[in-house]
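Only one structure is covered here, and it is reproduced in the block below.
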Amino acid sequence: MGHALNTVLQDILSRWKRMSGSNVLWLPGTDHAGIATQNVVEKQLAAEGTDRHNLGREAFIKRIWKWKTEYGGKIIHQLKRLGASCDWSRERFTLDEGLSKAVREVFVRLYEEGLIYRDNRLINWCPRCHTALSDLEVEYEELEGNLTYIKYPLTPPVPPLSKGGIEGGYITVATTRPETMLGDTAVAVHPDDNRYKNFIGKTVDLPLTKRKILIIPDNVVDPSFGTGAVKVTPSHDFNDEAIAKRHSPPLEFITVIGADGRMTANAGNRYAGMDRYECRKLVLKDLNELNLIEKKEKHKYAVGHCYRCKTITEPLSTPQWYVNVQFIARDAIRVVKEGKIKIIPKTWENTYFAWMENIKDWCISRQIWWGHRIPVWYCKEMKNEKCRIQNGTVVSRETPEECPHCGSKKLIQDEDVLDTWFSSALWPFSTLGWPDETADLKTFYPTNVLVTAFDIIFFWVARMIMMGIKFMGEVPFRDVYIHALVRDIKGQKMSKSKGNVVDPLIMMDRYGTDAFRFTLVALAAQGRDIKFSEERVEGYRHFVNKLWNAARFIMMNINPPNPPLVKGGEGGLFIKGVQGGISHSPHDLAGRWILSRLADVADDINRALEEYRFNDAANSIYQFIWHEFCDWYIEMAKSEIQPVSGGPKSEIGAMWCLLYTLDTSLRLLHPFMPFVTEEIWQKIPHPIHPSPSIMISDYPRSLPRDHRAEEDMSYIIEAVMGIRTIRGELNISPSLKINVSIKTFSKTAENILGENVQYLKILAKVDKIEMGMTVEKPEGSATAVKSSMEIYVPLKGVLNIEAEINRLEKDIAEVEESIAFLNKKLLNEEFLQKAPAEVVKKEKAKYEKLISMKERIGGSIKMLKEAEVRNEA
RNA sequence: GGGCGGAUAGCUCAGUUGGGAGAGCGCAGCCCUUACAAGGCUGAGGUCACAGGUUCAAUCCCUGUUCCGCCUACCA
């Protein structure tokens, strides 16, 4: 659903800009999604009872390519199904030859500048995927766990205890991960903590091992948390690693958990080979038997999970490649601060800055096979000094035949591949042909806009900005539009495990792509997540239907139905034998009004799209087509085009106006609903649309407004609605034509109404009408008060007032009886206590309804009585 | 712990420089009027979370409170 929204928004922008005359490039493509893709294929292999190591690297990669060609097409199929108007001829994939070339170029250049380096330090490791993860690829989830207080005996002889200090010769440490104690190499306390001051420099006997470890000072220790003493496990905790490196001399690193999540030999014979969590249980049991557990507390703490397979990650010390992004990040911050890149909504800029300002070096190596192999080779011989200085490392754009340092033929390529995001970061220019200076690159870089969801601001957006500045010397895009996340109706994130995933393809099957697209857009308010509701899609399917019917009505009234084409000149419509030269400025009020409204709406939509207010644009066109064009204009136009009234001249004017408004509305709507608009548009007579497809017709913009017509029309609307209200309130049969008197408050209102009586007649079913500033309220009439007029409907002859009042009074008596009954029931405590809550709620709702019904009938009676026709009767 | 966002009609949500409280769905009444009953017309329903403040005027600006959601972080 997220991708659907993303695609639709980009398609709207593309279609809108294309129709507005821009040379639009929307380049489609996919990345190779290294870890995720490899996992999928590995699962397949597991089902076949084998694994990638059996298969070997080359065969495994071949296998993934096969999978990619079969299933990668699905994404493209979905994009097309959504109507995405991409340039399919330029579709790219991150493992394409061209993009791979760009990847190697970037790697080598960064290496040569000293910005790429290899280091051995703690990284987040996924024991299941068996690879390093970047900081971003770890998701933290808060878990309820135990904080275990473990007693570490002081090494005898026990030094004198300080005042109020440690009793019993122990230092107690608190930990959430007891199994890591097997790799502890120190206990840290705050240097100013009086409880422990005297023990700094002494040692404790690390339980379950034969080691003695030092008590050291470190400022990071919070004396108020736990016992104020922290066990230090440099090999399995990022903080502890920092403490270890800070300490002089640096503390020893003892790795007790291996890459597979099992305990290593360092953990001791008793624990070696055990799963880390099994080991935790055993350690706790053993400590308990030694009476070394002081207590356990419930404790909430955040645990890192692999973002691909959700396995709990493990900090692990391994050699990895890193990009030093400190300097590039500074530039990336600057371009946003200076407004060269705008992030919309602006509030995301803060998020961006916060991350960029604290950015850490980017771990780019992954211990998987699906991806760009790192272009680094290691010389196995290192035959000369030069080679040894380089540590035998060869970094090259092309696969080297021999070691450039010493000439050895024994070169072995680094086994690792690059983080997928490394290649994605180059997308804006790698897809346009970089590092070659192509025409595409010149024409389309920098791009105008990137549309994406916030969850990849760091993964993708920030890195594209950094790489774009670094290698193109120019930002990769001007605007970044961050759209909402699509959630389920309850506001929960959609996920397979929750089972609340909505499949866009099913939505499109059920309601059509246009309705589905429109729903996503109409709900896409800036800065707010979308709670997706299927009912809403149904509502917009009705809109498609409404539009279809309106178009059908208009086509039905073209005469002849298929006007022959007229070559050259202005062209023209054939309507009842009249050809060409149809006025483009209707003289009737309704026509002038709808064209002005159309102009206003066109402005509104263009403005909204310029500011990425997609939902405003969508609602604007929806409101116009349904509630102005269909509900008002088409109804009014009927008075012109139906044979009974109106002459041929106005008929043609109305016909033209209907077609013109339809055509313009379709073009306005097209970016949102590409399919139905094209379909209808193709059916409109040719002279109205000279282009072969609505996709490349002109987007409406800067049409003339007619404020006078809009103002004048407001009088008509007020009058019609006033009369309808009276009819509705008094339940006057729709088939009954009535007489009306209108007292206007201004001469203008009087004139306008006078000139446009036909609209009142058709829209409010009025027979005779009297109006003016001097009109008196006729005896026995109902009244509606509006801002520019007072409307009177004489009831004599329309209703039998007395009978009507009698009927209503009878009704009201019944209602009052029911109210009394319910009232008694709802005051009955026994009922309230015993009845199910649902029933009580229902009864209460019923009560409310009856009350409002009573008020309503009362209002009608009052109106009838005010009509004062009783006496007359 | 830090930061961001939300709280408006029964439900889902708009509300762009402070002055009219709105839409869709739902609900009630009337209507099969020759484009559309997947429709038309009419209507009911809201102290715009709470408390203060600024202003002639606050849903909107400021402060605080409560309740949700999210991001982020080295409390073991």
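Order of the sequence lines sets the chain letters (A, B, ...), proteins ahead of strands, with each chain counted from 1.
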Inset, instruction - State whether A/K638 places a side-chain N or O below 4.0 Å from either non-bridging phosphate oxygen (OP1 or OP2) of B/A35. - result: yes

Legend entry - Between B/U33 and B/U42 - C1' atom distance, rounded Å: 16 Å

Inset, instruction - Pick the P atom in B/U47 and in B/A57, then give their distance to the nearest Å. - result: 23 Å

Legend entry - Distance between C1' atoms of B/A76 and B/C68 (Å, rounded): 30 Å

Inset, instruction - Answer yes if the side chains of A/K231 and A/T180 hold a donor-acceptor pair under 3.5 Å, and no otherwise. - result: yes

Inset, instruction - Can you check each nucleotide of nucleotides 70-76 of chain B against protein heavy atoms at under 4.0 Å and return B for base, S for sugar-phosphate only, - for none, in 5' to 3' order? - result: S---BBB

Inset, instruction - Go ahead and name the base partner of B/A28; Watson-Crick or wobble counts if both distances stay under 3.5 Å, otherwise write none. - result: B/U42

Legend entry - Rounded distance in Å between the P positions of B/G20 and B/G1: 41 Å

Inset, instruction - Searching all strands shown, indicate the nucleotide that pairs with B/A51 (Watson-Crick or G-U wobble; both distances under 3.5 Å). - result: B/U63

Legend entry - Side chains of A/Y152 and A/D184, donor plus acceptor under 3.5 Å: yes

Any N/O pairs under 3.5 Å between the protein and nucleotides 24-26 of chain B? List them or say none.
unit_1	atom_1	unit_2	atom_2	d
B/G24	OP1	A/H627	NE2	3.4
B/C25	O2'	A/E535	OE1	3.2

Legend entry - Interatomic distance where CG belongs to A/D455 and C1' belongs to B/C4 [whole Å]: 16 Å

Inset, instruction - Specify the separation, in whole Å, of atom CD of A/E538 and atom C1' of B/C11. - result: 15 Å

Legend entry - Spacing of the P atoms in B/U54 and B/U72 (rounded, Å): 41 Å

Inset, instruction - Indicate, with a heavy-atom threshold strictly under 4.0 Å, whether A/R613 touches base, sugar-phosphate, or nothing. - result: base

Inset, instruction - Measure the spacing between CD1 of A/I684 and CG of A/D663 and express it to the nearest 0.5 Å. - result: 5.0 Å

Inset, instruction - Between B/C61 and B/A23, how far apart are the P atoms? Round to whole Å, please. - result: 23 Å

Inset, instruction - Could you measure between the two P atoms, the one in B/U55 and the one in B/U12, and give it in whole Å? - result: 38 Å

Inset, instruction - Return yes if some donor-acceptor pair links the side-chain N/O of A/D237 with the main-chain N/O of A/T233 below 3.5 Å, else return no. - result: no

Legend entry - A/I726 CD1 - B/G43 P separation (whole Å): 11 Å

Legend entry - Pairing nucleotide - B/C4, Watson-Crick or G-U, each distance under 3.5 Å: B/G69

Inset, instruction - Evaluate the side-chain proximity of A/D218 to A/P191: yes if any heavy-atom separation is below 4.5 Å, no if none is. - result: no

Inset, instruction - Tell me whether the centres of the aromatic rings in A/Y140 and A/Y307 are closer together than 6.0 Å. - result: no

Inset, instruction - Name the closest nucleotide to the A/T725 side chain, picking from B/U42, B/U33, B/G40. - result: B/U42

Inset, instruction - Rounded off to whole Å, could you give me the CG-to-C1' distance for the A/N619 and B/U12 pair? - result: 13 Å

Legend entry - Lys NZ or Arg CZ of A/K546 over A/F629 ring: under 6.0 Å, within 45°: no

Legend entry - Rounded interatomic separation in angstrom, taking CD1 from A/I723 and P from B/C41: 15 Å

Inset, instruction - Would you tell me if any nitrogen or oxygen in the side chain of A/K546 comes within less than 4.0 Å of OP1 or OP2 on B/G40? - result: yes

Legend entry - Minimum-distance nucleotide (side-chain atoms of A/E611 versus B/C41, B/U16, B/U33): B/U16

Inset, instruction - Name the pairing partner of B/U17, where a pair is Watson-Crick or G-U wobble with both distances under 3.5 Å, or state none. - result: none

Legend entry - 5'-most by nearest nucleotide on RNA chain B - A/C630 or A/D616: A/D616

Inset, instruction - With a 3.5 angstrom cut-off on both distances, give the Watson-Crick or G-U wobble partner of B/A58, or none if there isn't one. - result: none

Inset, instruction - Output all residues satisfying salt bridge (Lys or Arg N to Asp or Glu O under 4.0 Å) with A/K346, sequence neighbours left out; order by chain, then residue number. - result: A/E349

Inset, instruction - Scan side-chain atoms only and decide if A/D222 and A/S224 contain a donor-acceptor pair under the 3.5 Å cut-off. - result: yes

Inset, instruction - Tell me yes or no: between the side chains of A/Y170 and A/E294, is some donor less than 3.5 Å from an acceptor? - result: no

Legend entry - d(CG, A/D631; C1', B/G39) in whole Å: 10 Å

Inset, instruction - Please report, rounded to the nearest Å, how far the C1' atom of B/G5 is from the CD1 atom of A/I482. - result: 15 Å

Legend entry - Geometric class of the A/H627/A/Y622 ring pair [parallel <30°, tilted 30-60°, perpendicular >60°]: perpendicular

Legend entry - Validation row, ring centre A/Y481 to ring centre A/Y612 under 6.0 Å: yes

Inset, instruction - Please state how far atom CD1 in A/I680 lies from atom C1' in B/C36, giving the value in whole angstrom units. - result: 12 Å

Inset, instruction - Quote, to the nearest angstrom, the C1' distance that separates B/G26 from B/G43. - result: 14 Å

Inset, instruction - Between B/U33, B/C41, B/A35, spot the one nearest the side chain of A/A550, thanks. - result: B/A35

